[in-house]
Amino acid sequence: MHRNKTVWLTTLALASVLVFAAQNRARAGQSNVTATVHVGIFENHGDVGTVLHPGSVEYDAAKASYTISGSGENMWLGRDAFQFAWKKMSSDVTLTADISFLGAGVNEHRKAVLMVRQSLDADSAYADVALHGSGLTSLQYREEKGAGTHEIQANVSAPKRLRIEKRGAYFSMWLANEKGEFQLASGSMRIALKEPFYVGLGVCSHDKDVVEKAVYSNIELKAAAPTATASTLYSTLEIITVASTDRRAIYVAPERFEAPNWMPDGKNLLFNRNGRIEKIPAAGGTPQILDTGFATRCNNDHGISPDGTQLVLSDNSQEGHQSLVYIVPIGGGPPRRITQKSPSYWHGWSPDGKTLAFVGERNGDFDIYAIPTAGGEEKQLTTAKGLDDGPEYSSDGQYIYFNSERTGHMQIWRMRTDGSEQEQITFGEENDWFPHLSPDGRQMVFVTYDASVKGHPENKDVMLRMMTLKDKKITVLAKLFGGQGTMNVPSWSPDGKQFAFVSYQLVPKEAGTARVP
């Protein structure tokens, strides 16, 4: 009797120690994985972060499916809590699966994810494609350990088959349509993960007191083969919310389009593609081509008048296919020529609607000019050696902001509207292009290239950055693949809370991948 009691107490003590150790790991934000337990194609599984109810993974070998139970308060902000089945991998990978939740669910933000993660720490850098209980589907990511979480929302709800793809430092989300054909559903986003990293499946209940379940089936986990020589360029029209830096994909196409303008009604966007101007709802939909008469070789320098009644174009249809500036009615119509000399590229419209600012090449030099919207003589505003580009009026009409390489590399400058008092605004080592002022005049967004990049070429690693003009503080809003065409022209929403841009991706025409056993 005494001996049995001792054994029982010893067993209880050992169990308490194990529970205490697991709790300490959870409090420290570490995975509760102990010994290796192979589950199907995955090497192991366990809870990441702090959970009150341990999760589990059940593998049905006959169906090659996984039923994952997960608790956890959230997968967001700076820490995650969820159940994760994973495999360590390196190089480029894709993970594809059919996903369905079991039961009605308690919280509409419960998540089932396809994930690529640096470590099993709760605050690890990662990217995942997350299917929410509400149907919301997004590419979520934490750029570095301990940072906040952000997302790119898809314009598709409740897909049945999902894919996350890692190519180099870039991650993307692909979703299958009703026919099972995959389509790119997100813009480009980059995170530099070290090899090896963790790839797998996860479930979070989004309620610390609840356990939710999801079933994963028809899974394909692939490691990349050598880089394909041929690729297809995809363009994604996106909207970013400045306060959160979260993004939403509006329109994706396997071809180049560029330079969105946000229309004054706040409901529609314009962009250029194949020489034409197209209009699309800000909520997404099918683009419609505007009638711009003979101007069918429009480039990416176009914009809308302050009163919303007119559209200015830079078009290469006439006179040796050199760019000229025209104005048409906002709904389309015959072009009215503004500039007599070419090439001329529009960039700014004065708040009173009376003057246009544009870039003109005259005698081999690119400088900034102003011209009345009614037409007339152009006035040269800059004369410094080196390229001056991207002029845009401040909302109060007192200044023109522009980018200039007069210091040896491209930086943001400003001047009075008559060309006086030219002063430098940015002073970094990078190359800053195309300043765009918020409607209230308090913030400026611009495109930043690496210091080694000359000009503003396409298909480069770039950042979208924002300066608060009062204190000159600069923050990074997004890191993406883009450049030329990403944000050449004014693209702020009328309420100043968002702006639009285009990101790009080069997708190999042949995946050239092999299934991981």
Side-chain angles (χ1 to χ4, degrees), residues 167-170 187-190 192 227 231 233-235 256-260 272 299-302 314 316 321-323 342-348 357-369 380-392 400-415 422-436 444-467 474 476-491 501-506:
R167 293 197 174 274
Y170 283 96
S188 61
M189 173 275 300
R190 71 177 186 267
T227 304
S231 60
L233 177 76
Y234 279 79
S235 305
R256 176 170 288 278
F257 59 78
E258 303 174 313
N272 63 283
N299 56 56
N300 55 33
D301 297 323
H302 44 78
S314 302
N316 299 57
H321 301 307
Q322 294 290 311
S323 181
S342 63
S344 298
Y345 305 89
W346 175 86
H347 277 275
F358 68 94
V359 177
E361 183 185 12
R362 308 290 184 260
N363 301 316
D365 289 326
F366 284 92
D367 282 297
I368 295 172
Y369 295 79
Q380 186 172 353
L381 301 180
T382 64
T383 58
K385 290 297 180 182
L387 173 64
D388 294 326
D389 202 349
E392 181 167 311
I400 293 176
Y401 285 74
F402 63 101
N403 49 277
S404 175
E405 62 178 7
R406 63 186 67 182
T407 61
H409 68 288
M410 195 62 74
Q411 298 284 266
I412 306 300
W413 287 64
R414 75 173 184 177
M415 60 184 168
Q422 297 184 20
E423 60 176 328
Q424 190 173 348
I425 302 298
T426 63
F427 296 87
E429 296 297 323
E430 302 91 349
N431 290 290
D432 298 327
W433 284 79
F434 304 130
H436 303 304
M444 173 182 71
V445 297
F446 51 98
V447 179
T448 297
Y449 287 88
D450 183 78
S452 64
V453 178
K454 301 298 182 184
H456 57 100
E458 61 190 36
N459 301 340
K460 294 292 184 180
D461 291 341
V462 298
M463 295 184 290
L464 301 184
R465 300 201 296 169
M466 183 177 71
M467 173 184 283
I474 296 177
V476 176
L477 300 181
K479 298 177 181 178
L480 51 94
F481 191 66
Q484 171 73 312
T486 289
M487 198 175 64
N488 296 53
V489 291
S491 58
F501 65 95
V502 179
S503 63
Y504 300 94
Q505 296 181 58
L506 290 172

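- For the pair H456 and N403, the minimum side-chain heavy-atom distance is 4.5 Å or more.
- By the 4.5 Å heavy-atom criterion applied to side chains, Q484 and P457 are not counted as neighbours.
- Between V445 and L464 there is no side-chain heavy-atom pair separated by less than 4.5 Å.
- Taking OG1 from T448 and CG from D461, the interatomic distance works out to 12.5 Å, rounded to the nearest 0.5 Å.
- At least one donor-acceptor pair closer than 3.5 Å links the side chain of T486 to the backbone N or O of V502.
- Taken from CG in D389 to CG in D367, the straight-line distance is 10.5 Å, to the nearest 0.5 Å.
- Qualifying salt bridge (charged side-chain N to carboxylate O under 4.0 Å, His left out) partners for E423, counting only residues two or more places apart in sequence or in other chains: R414.
- For the atom pair E458 CD and E258 CD, the distance stands at 7.5 Å (nearest 0.5 Å).
- Listed by chain and residue number, Y170 satisfy the ring-ring contact (aromatic ring centres under 6.0 Å, His included) test with F481 (two or more places apart in sequence, or in another chain).
- A heavy-atom distance below 4.5 Å is not found between the side chains of Y234 and S188.
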Please step through side-chain contact (heavy atoms from CB on, under 4.5 Å) for the pair Q422 and T382, ending with a clear verdict.
CA-CA 9 Å; Q422 297 184 20; T382 64; 3.9 Å; yes
side-chain contact (heavy atoms from CB on, under 4.5 Å) between M487 and F434: does it pass, once the steps are laid out?
CA-CA 7 Å; M487 198 175 64; F434 304 130; 5.8 Å; no
In sequence, state the C-alpha distance, the side-chain angles, and the governing distance for M410 and V447, and then conclude on side-chain contact (heavy atoms from CB on, under 4.5 Å).
CA-CA 11 Å; M410 195 62 74; V447 179; over 6 Å; no
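- Every residue two or more places apart in sequence or in another chain that forms a salt bridge (charged side-chain N to carboxylate O under 4.0 Å, His left out) with D432 is listed here: R465.
- Between Y449 and V453, the shortest heavy-atom contact is CD2-CG1, 3.5 Å.
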Test side-chain contact (heavy atoms from CB on, under 4.5 Å) applied to R406 and D388, step by step
CA-CA 8 Å; R406 63 186 67 182; D388 294 326; 3.3 Å; yes
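- Between the side chain of S503 and the main chain of G187, no donor-acceptor pair closer than 3.5 Å is present.
- Taking the side-chain contact (heavy atoms from CB on, under 4.5 Å) definition, one finds that T407 meets it with H409, Q411, W413, Q424, sequence neighbours left out.
- The backbone N or O of F257 lies less than 3.5 Å from a partner atom in the side chain of Y504, making a donor-acceptor pair.
- Counted by atom type alone, R256 and N300 present zero donor-acceptor pairs between their side chains at under 3.5 Å.
- The distance from atom CE of M415 to atom CD1 of I400, rounded to the nearest 0.5 Å, is 4.5 Å.
- Classified by interplanar angle (parallel below 30°, tilted 30° to 60°, perpendicular above 60°), the ring pair F366/Y345 is tilted.
- Put simply, the side chain of E405 gets close to the backbone of L387: a donor and an acceptor are under 3.5 Å apart.
- With hydrogens and angles disregarded, a donor-acceptor distance shorter than 3.5 Å links the side chain of W346 to the backbone of G348.
- Across G390 and P435, no two heavy atoms sit closer than the pair O-CD, 3.8 Å.
- Expressed to the nearest 0.5 Å, how far OG1 of T426 lies from OH of Y401 amounts to 11.5 Å.
- Closest of all the heavy-atom pairs between A259 and H302 is O-CE1, 2.8 Å.
- Put simply, the side chain of N431 gets close to the backbone of D450: a donor and an acceptor are under 3.5 Å apart.
- In this structure the side chain of H347 never reaches within 4.5 angstrom of the side chain of F402, judged on heavy atoms.
- The two residues F358 and S344 come nearest to each other via the heavy atoms CE1-OG, 3.6 Å.
- Remark: K479 pairs with E143, R190, M463, V476 by the side-chain contact (heavy atoms from CB on, under 4.5 Å) rule, at least two apart or across chains.
- For S323, the side chain to side chain donor-acceptor pair (under 3.5 Å) partners at least two apart in sequence or on another chain are N299.
- The backbone N or O of R362 lies less than 3.5 Å from no partner atom in the side chain of D365, so there is not a single donor-acceptor pair.
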